[in-house]
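Order of the sequence lines fixes the chain letters, A, B, ..., with proteins taken first and strands second; residue numbering starts at 1 for each chain. As the structure is a computational prediction, the values presented were derived from the model and not from experiment.
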Amino acid sequence: MTSRSLLEGLNPEQLAAVTLPKQAALILAGAGSGKTRVLTTRIAWLLQTGQVSPQGILAVTFTNKAAKEMLTRISAMLPINTRGMWIGTFHGICNRLLRAHHREAGLPEAFQIMDSQDQLSLIKRLLKALNIDDEKYPAKQLQHFINGNKEAGLRAAQVVPYDDFTKRLVELYAAYEEQCQREGAVDFAELLLRCFELLTRNAMLRDHYRERFQHILVDEFQDTNKLQYLWLKLIAGDQAAIFAVGDDDQSIYAFRGAQVGNMFDFERDYQVKNVIKLEQNYRSFGNILDAANTLIQHNGTRLGKNLWTSAGSGQPLRVYEGSTDLDEAAFLVEEVKQLHREGLALQNMAILYRSNAQSRVIEHQLFSTGVPYRVYGGLRFFERQEIKHALAYLRLIANNDDDGALLRVINFPTRGIGARTIESIQSNARLSRASLWQAACSGGGSGRSGAAVAQFVNLIEDMRRRSEGLTLPEQVDMMLDQSGLRAFYHSEKDGQDRLDNLNELINAAMNYLAEADDRSLTGFLAHASLEAGDHQADAGADALQLMTVHSAKGLEFDAVFITGLEEGLFPHENASLDPAGLEEERRLMYVAITRARQKLYLTLSQSRMLHGQTRYNVGSRFLIEIPANLLHWLNKAQPAPKMGGFAPAGNSSARPTRSAQAEHGFHIGQSVLHAKFGVGVIIDCEGSGGGAHVQVNFGGSHGIKWLTLRSVDMLTASS
DNA sequence: ACCAGTGCCGTTTTT
DNA sequence: CGGCACTGGT
């Protein structure tokens with residue numbers, strides 16, 4: 001492929017980005033603007049023009065999916081062997097570095113990677129061992145504390161406690177570090193931090209990699225956390241060029257440590273002269289982009305960007321207001337069926353919601369009408385219980401000191417090792433500061449339980465011996481038999497699915513062998529932790545897609561339904577309190593809107609069941625922030641409330657849900673307008689006549705208030 | 001060792 | 001309302 005054909009079809013901004021000289025660059029890539037194309041073409045162009053060899057490329061993404069996509073597209077562009085290039089996730093690349101230099105990093109060769117579940121159970125164990133009151137120090141909170149600090153680049157010793165409580169947390173953080181080290185276990189954040197420290201302390205290694213990686217390309221830069229940015233700066237040194245691609249308007253992961261500020265900092269730290277905006281959108285029709293543009297302009301902190309298309313306006317956005325969540329769901333299903341009849345494939349349509357709980361009603365409706373659908377967000381393959389058990393056996397074979405793995409399987413399937421015995425092993429281990437395995441070996445335990453423990457130790461050692469000379473899939477197969485897992489699920493009455501999954505694990509091992517460089521058991525285990533597998537069940541079939549807005553990021557569909565557009569839900573009540581949170585919710589809405597290619601539906605409901613209670617919500621402010629002329633309300637006239645009174649606003653067909661209706665004409669579920677608080681919905685009534693009260697939900701801005709009907713200066717009835 | 005009953009809690013999530 | 005984690009009983 002010639003360089004001409006490589007660059008063919010790029011728009012001027014894309015072309016400029018692809019062919020930038022070797023300097024720090026920041027590419028502001030709007031939704032649907034060809035971001036991945038720019039990234040991959042840039043790499044291909046650098047290689048093809050001989051500016052760098054594959055070894056000189058380091059490309060970092062957040063998800064394995066994105067990394068794979070990049071690799072595939074580069075391979076399609078260039079007939080080169082992509083092996084030399086390092087393209088992967090932050091965690092995958094750090095894992096690779098730590099495996100190669102485990103000694104220098106102070107880790108055992110077969111160090112294990114804990115996923116969040118493993119990490120949490122280690123913390124619970126630790127708290128129990130230290131006799132910590134888990135009411136005061138919940139494991140989840142400690143986990144959050146530890147990860148937060150690691151992602152800020154801070155070791156326990158570096159955290160400055162500002163009160164006694166934090167001081168204790170820091171002590172527990174230190175104890176946790178010690179325990180991880182003893183077990184040879186590493187959590188996700190540790191991969192990054194350990195790698196960062198390795199390169200900070202070891203000048204030889206640092207210089208080696210700095211010399212090697214001349215071009216560092218970063219995808220989704222707006223999602224990087226503090227440590228990831230530090231890591232990038234460290235590995236780049238001052239000779240490599242960082243090519244950062246991101247979209248501040250699509251930053252929706254601040255809640256897990258992402259710092260959009262890294263984009264501003266990057267521009268300043270490197271005095272980036274090359275800021276290129278990709279604003280031409282190849283995905284959506286004009287009305288959809290106009291809606292997105294106008295909405296996001298309500299945010300104050302932006303780098304600034306406006307999407308445009310040459311595709312024409314397309315249809316208006318359709319809005320449906322249901323009376324109940326059930327009604328909303330029924331509309332969704334009917335509309336999906338209609339579009340399907342018109343020829344849209346189900347898999348090209350998506351129903352999006354802010355939180356997972358909202359899927360239930362919709363799923364129910366889909367199920368009862370027989371529309372095939374697929375929900376994102378269940379357990380992934382490597383997270384399933386039976387797979388975790390199998391992996392625990394493998395981990396124990398690879399690394400005896402993995403206490404978490406030992407505890408998971410020492411008595412599963414049951415082999416007569418009870419809680420008592422396990423506790424005594426644990427206290428022995430604690431006393432001699434050894435691993436559970438070591439304690440179990442020297443156990444000498446009394447009578448029957450001692451024999452059972454010895455038998456378990458033998459079992460593991462026997463499996464390790466048998467492993468020698470076996471291929472990875474054969475090892476897995478052997479373990480399934482020797483451990484008794486296969487027999488156990490075989491005798492379980494509902495065990496067939498789990499049995500199938502266990503056999504699937506053998507396939508997973510085979511696939512791993514075919515693709516991976518490191519073909520060891522340890523490599524496979526790391527792979528299982530770092531790539532927990534597909535999120536969706538049975539892909540392939542034509543099915544409607546259901547997912548949260550977060551998981552929709554990066555995807556696109558012909559028709560998109562954004563549901564639950566109500567104050568408190570979207571924007572979510574927990575986020576609408578502080579301005580930064582609200583702006584993130586708005587970016588989330590921006591992401592949702594820009595998923596749609598052709599048709600975009602916005603739906604809401606006057607009431608919905610939440611936490612076992614019927615809630616009455618106000619329409620989302622996001623509906624108001626989109627220009628009215630882009631919206632086509634399907635089932636009612638758009639309210640045009642005038643300020644200065646307490647008037648039924650909008651829909652007066654909202655059916656009363658309580659029999660306690662008063663003569664004043666107000667009822668539960670009714671929209672009202674207050675001079676000071678704006679539009680709200682009556683959620684409760686009390687009393688009658690002159691002393692009547694109504695409870696009104698004004699949404700995020702003013703919340704829920706009790707108001708007297710009598711105080712006419714506050715509330716003026718005027719219907 | 002297992003199960004049923006209770007009580008609590010309730011965004012978003014990748015690695 | 002519904003999922004889960006934990007408790008106490010058998």
Touch check for [X], heavy atoms < 4.0 angstrom, all strands: base, sugar-phosphate only, or nothing?
{"X": "F90(A)", "result": "nothing"}
{"X": "A532(A)", "result": "nothing"}
{"X": "D115(A)", "result": "nothing"}
{"X": "N411(A)", "result": "sugar-phosphate"}

Q. Is K124(A) salt-bridged to D134(A), cutoff N-O under 4.0 Å?
A.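 Salt bridge flag = no for D134(A) with K124(A).
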- Message: Check this for me: does any side-chain nitrogen of one of R621(A) and E566(A) sit under 4.0 Å from a carboxylate oxygen of the other?
- Response: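 No, this pair does not count.
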side-chain N/O T548(A) vs dT13(B) OP1/OP2, d < 4.0 Å:
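Indeed, a polar side-chain atom of T548(A) lies that close.
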Side-chain N,O (R256(A)) to OP1/OP2 (dT11(B)) below 4.0 Å
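Checking R256(A) against dT11(B): no side-chain N or O falls below 4.0 Å of OP1 or OP2.
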Measuring centre to centre across the rings, with the benzene-like ring taken for any Trp, is F111(A) within less than 6.0 Å of H102(A)?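 Judged by ring-centre distance (under 6.0 Å), F111(A) and H102(A) do not meet the cut-off.
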For residues 585-592 of chain A, which residues have at least one heavy atom under 4.0 Å from DNA chain B?
->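 Here the set is E585(A).
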Point to revise | H550(A) and Y253(A) aromatic ring geometry - parallel, tilted or perpendicular at 30°/60° bounds | key: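 Y253(A) vs H550(A) ring planes: tilted.
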What I want to check is whether an N or O donor and acceptor connect the side chain of S116(A) with the base of dT15(B) at under 3.5 Å.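 Counting by modelled atom types and ignoring angles, a donor-acceptor contact under 3.5 Å is found here.
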**Item:** Euclidean distance, atom CD of residue Q358(A) to atom P of dC1(C) [Å, nearest integer]
**Value:**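 Q358(A) atom CD is separated from dC1(C) atom P by 19 Å.
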**Length of the line joining N356(A):CG and dT12(B):C1', which is rounded to integer Å** =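 About 8 Å, once rounded to whole Å.
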**Asked** Where the side chain of R360(A) is concerned, which of dT11(B), dC6(C), dG2(C) is the nearest nucleotide?
**Response**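 Minimum distance to the R360(A) side chain belongs to dG2(C).
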Item to check | Separation of the C1' atoms in dT12(B) and dA5(C), to the nearest angstrom | outcome: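 Going atom to atom, C1' in each nucleotide, I get 23 Å.
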Could you measure between the two P atoms, the one in dT13(B) and the one in dC4(C), and give it in whole Å?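 The same atom, P, in both gives a distance of 15 Å.
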Exercise for review: Give a yes/no verdict on base stacking between dT12(B) and F255(A): centres under 5.5 Å, planes within less than 30° of parallel.
Suggested key: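 Base of dT12(B): stacked against F255(A).
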Do you know the tightest heavy-atom contact between A532(A) and E383(A)?
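That closest heavy-atom pairing would be CB-OE2, 3.9 Å.
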Position toward the 5' end of DNA chain B (nearest nucleotide), S355(A) or F62(A) =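 The answer here is S355(A).
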